[in-house]
Amino acid sequence: MSSAHAQLSDPPNVLHGSFPQHQQQSSCHETTHLEQEIPEMVEALEESFRTGVTKTREWRMKNLQDLQRLMIEGKEELLQALKQDLHKSELEGYITENNLIENELQDAMDHLDQWMKPDRVSTDLLNIPASSYIIPDPYGVALIMGAWNYPVQLSIMPLVGCIAAGNCAVIKVPSPKYSPASSETMARLLQKYMDPKFFRVVTGDRNMIAPLLEERWDLIFCTGSHHLGKIVATAAGRHLTPTVLELGGQNPCIVEQSASIELASKRIVWGSMMNSGQTCLRPEYVLVHEQIADQFVAAVKQKVDQFYSKDPQSSEWFGRIATPWACDRIDSILTQDKAHVVHGGVVVKEDKFVAPTILYYEDLSTFAASAAAKEEIFGPLMAVVKYSDLDPVLDYINHNEKPLALYLFGNDKATREYVLTHTSSGSACINDVVMQVVNGALPFGGVGYSGMGCYHGRHSFNAFSHLKAVMVKPNLNILDVPIRYPPYTAFKAAALPAIQAPRPAWLSNMPRRMAVAAAPLGILGMLWQSRG
């Protein structure tokens with residue numbers, strides 16, 4: 001902890017609100033107490049924001065560096081917590097969580113000056129002489145709600161854009177019912193490294209959601225389920241609060257006949273089984289052309305054994321389901337679709353283990369009627385579905401909710417363009433899965449049921465910024481064009497529409513350039529006339 005933070009006299013920036021089941025009798029009193037603390041916490045952050053210090057480059061850079069130091073010095077603690085909660089190996093925890101944040105931080109610090117700089121734009125003919133530009137204004141005090149499946153990444157990564165844009169924030173770490181070690185570790189580290197004048201942390205389960213959403217925030221950034229997204233959107237609507245909702249969905253993956261079976265099988269198995277299938281971007285169901293379907297399934301089985309061994313429960317590289325009741329839900333799907341299981345299918349509830357499982361469906365109609373097709377699985381079950389004609393596949397995809405991602409494997413460029421133009425998804429990736437999230441230059445976000453808004457890289461900065469339009473005109477009455485004011489003579493009535501008439505860019509730029517060039521001569525002429 002830096003000496004500056006050690007000297008702060010402000011109250012701790014962590015508000016704890018977890019209510020175990022055996023303490024239900026006292027939870028009402030605790031909830032009332034917390035409902036009183038949350039408004040005070042928000043008000044304190046609003047007062048800090050109103051000082052204007054968060055808008056400075058120095059403040060933003062210092063707090064980005066503080067967060068960077070948290071990620072460096074707290075690396076081992078965070079990775080140990082991920083291992084404890086989700087059985088993530090140290091390498092997987094680092095690559096899929098910490099490293100993404102590290103790169104996001106570096107990108108923000110490298111480009112902060114560029115992002116903060118006003119964006120100058122052209123000025124229309126009627127407004128000349130004037131300068132026009134766009135200023136990225138911080139919203140104010142944001143609520144960031146993390147998610148348990150990638151608890152570190154999804155709680156801290158949005159904070160990078162929040163800080164870079166100049167905002168204060170309350171970070172609601174995931175419920176301790178799902179990721180207890182990760183949530184506790186993040187809360188403790190955020191309290192240690194981040195200035196409580198500008199950042200506060202709230203722990204706890206769903207009991208904390210309602211009192212948090214009662215407050216009027218300047219922005220809400222939420223990652224979670226569709227159910228939570230609807231709750232947040234409803235609460236935000238009461239105050240017309242802007243929101244970024246990062247949700248999920250059933251992501252389709254199409255493997256057409258020109259695809260490399262070796263490449264497709266290993267990449268799809270990797271993306272589908274990573275984090276024990278608890279990944280919002282994972283390929284949920286794989287639609288494989290009938291000419292290569294059997295070969296693909298055989299290759300997928302081989303890849304599962306190659307990656308996780310024939311005893312995946314003992315593999316260092318295979319994770320665990322977050323909770324026992326999530327295991328029960330996945331086990332129910334397996335029970336209903338057991339006739340389609342061709343690999344895996346083992347559930348060990350006391351270890352929260354579900355084996356990497358392949359389900360094979362002869363056609364799209366059989367899959368559509370299955371339990372695996374009813375909702376997002378969020379577990380290590382890969383549904384493989386045969387198809388013969390691409391159009392019914394696209395009809396099925398389009399009939400369902402818009403997914404967070406769509407994947408396609410194959411060499412045919414015409415098929416690629418056809419799929420991309422005939423579907424809607426938050427993102428798309430050709431001949432790979434999940435990896436689009438690693439490219440910080442690409443926006444990450446959903447569409448429709450899979451979310452709204454986006455972040456990562458510059459898009460994170462924009463997500464936490466209001467783009468304010470600014471026009472500056474000279475304070476000289478002599479330059480004020482009388483044509484815009486009544487009474488409107490016949491000349492004015494003809495001239496105004498002519499000036500404002502739509503015209504091609506090359507033509508519209510010409511009179512503006514001429515006017516700008518002629519303006520100094522016109523001013524000198526008018527000044528000379530005024531002397532006479």
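All values below come from the heavy atoms of this structure, side chains included, with hydrogens, waters and symmetry mates left out.
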Distance-minimising heavy-atom pair for [X] and [Y]:
X      : Y      : value
Gly166 : Pro138 : O-CB, 3.3 Å
Tyr150 : Lys88  : CD2-NZ, 3.2 Å
Gly445 : Glu246 : CA-OE1, 3.2 Å
Ala169 : Cys162 : CB-SG, 3.7 Å
Ser425 : Val447 : C-CG1, 3.5 Å
Leu64  : Ala108 : CD1-CB, 4.2 Å

Check whether the side chains of [X] and [Y] place a donor and an acceptor atom closer than 3.5 Å, and report yes or no.
X      : Y      : result
Tyr178 : Asn149 : no
Gln436 : Ser427 : yes
Asp85  : Ser182 : yes
Asn400 : Tyr449 : no

Answer whether the closest heavy-atom distance between the side chains of [X] and [Y] falls below 4.5 Å.
X      : Y      : result
Leu159 : Leu190 : yes
Asn63  : Leu67  : no
His289 : Phe296 : no
Gln250 : Pro403 : no
Ile397 : Leu287 : yes
Leu228 : Arg206 : no
Ile430 : Val419 : no
Trp317 : Phe307 : no

(message) Using the rule given for side-chain contact (heavy atoms from CB on, under 4.5 Å), can you reason through Lys172 versus Val170, listing the C-alpha separation, both sets of side-chain angles and the distance that settles it, and then say yes or no?
(response) CA-CA 6 Å; Lys172 168 61 178 73; Val170 170; 5.6 Å; no

Tell me whether [X] contacts the main-chain N or O of [Y] through its side chain, where contact means a donor paired with an acceptor under 3.5 Å.
X      : Y      : result
Glu77  : Gly74  : no
Thr357 : Ala355 : yes
Gln336 : Ala371 : no
Lys352 : Ala322 : yes
Ser424 : Lys402 : no
Glu316 : Glu90  : no
Asn167 : Gly140 : yes
Asn398 : Leu394 : yes
Arg60  : Ala164 : yes
Asp205 : Ser175 : no

(request) With rounding to the nearest 0.5 Å, note down the distance linking CG in Leu381 to CG in Asp331. (result) 10.0 Å

What pairs with [X] under side-chain hydrogen bond (donor to acceptor under 3.5 Å, both in side chains), at least two apart in sequence or on another chain?
X      : result
Ser179 : Ser183
Tyr94  : Asn99, Glu102
Gln65  : none

(message) With side chain to side chain donor-acceptor pair (under 3.5 Å) as the criterion, how do Asp305 and His343 come out once you've worked through the C-alpha distance, each side chain's angles and the decisive distance to 0.1 Å?
(response) CA-CA 10 Å; Asp305 291 344; His343 193 82; 3.2 Å; yes

Going by the side chain to side chain contact (heavy atoms under 4.5 Å, CB included) test, name the single residue among [options] that passes it with [X].
X      : options                : result
Ile101 : Asn103, Asn98, Leu105  : Leu105
Tyr407 : Val434, Ile254, Val286 : Val434
Ile156 : Glu97, Glu104, Met186  : Met186

(message) Any salt bridge linking Glu262 with Lys303? Criterion: basic side-chain nitrogen under 4.0 Å from a carboxylate oxygen.
(response) yes

(message) For Asp363, is there an ion pair with Lys386 - N to carboxylate O distance below 4.0 angstrom?
(response) no

(request) Provide the full list of salt bridge (charged side-chain N to carboxylate O under 4.0 Å, His left out) pairs with a residue in residues 156-168, sequence neighbours left out, each pair given once. (result) none

(request) Provide the full list of salt bridge (charged side-chain N to carboxylate O under 4.0 Å, His left out) pairs with a residue in residues 419-434, sequence neighbours left out, each pair given once. (result) Arg267-Asp432

(request) Begin from the C-alpha positions of Tyr361 and Asp337 and carry the test side chain to side chain donor-acceptor pair (under 3.5 Å) through to its verdict. (result) CA-CA 10 Å; Tyr361 301 88; Asp337 286 8; 2.8 Å; yes

(request) Take His456 and Val437 through the test side-chain contact (heavy atoms from CB on, under 4.5 Å) and record every step on the way to the result. (result) CA-CA 8 Å; His456 288 188; Val437 76; 3.4 Å; yes

(request) Report the C-alpha distance between Ser258 and Glu256 in whole Å, list the side-chain angles of each, state the deciding distance to 0.1 Å, and finish with yes or no for side chain to side chain donor-acceptor pair (under 3.5 Å). (result) CA-CA 6 Å; Ser258 68; Glu256 53 121 339; 2.8 Å; yes

(message) side-chain contact (heavy atoms from CB on, under 4.5 Å), that's the test. Do Trp217 and Tyr139 meet it? Break it down for me.
(response) CA-CA 9 Å; Trp217 304 93; Tyr139 276 110; over 6 Å; no

(request) Please lay out, stage by stage, how Val300 and Ile268 fare under the test side-chain contact (heavy atoms from CB on, under 4.5 Å). (result) CA-CA 8 Å; Val300 162; Ile268 294 170; 5.8 Å; no

(request) Measure centre to centre between the rings of Phe221 and Tyr455, then say whether the value is under 6.0 Å. (result) yes

(message) Counting the benzene-type ring for Trp, do Phe464 and Trp115 have ring centres under 6.0 Å apart?
(response) no

(request) Determine whether more than 12 heavy atoms belonging to other residues, nucleotides or ligands lie under 6.0 Å from atom CE of Met452. (result) no

(message) Could you work out, with side chain to side chain contact (heavy atoms under 4.5 Å, CB included) as the rule, every residue matching Asp395, not counting sequence neighbours?
(response) none

(request) Report the residue from Arg188, Glu73, Arg69 that forms a side-chain hydrogen bond (donor to acceptor under 3.5 Å, both in side chains) with Tyr193. (result) Glu73

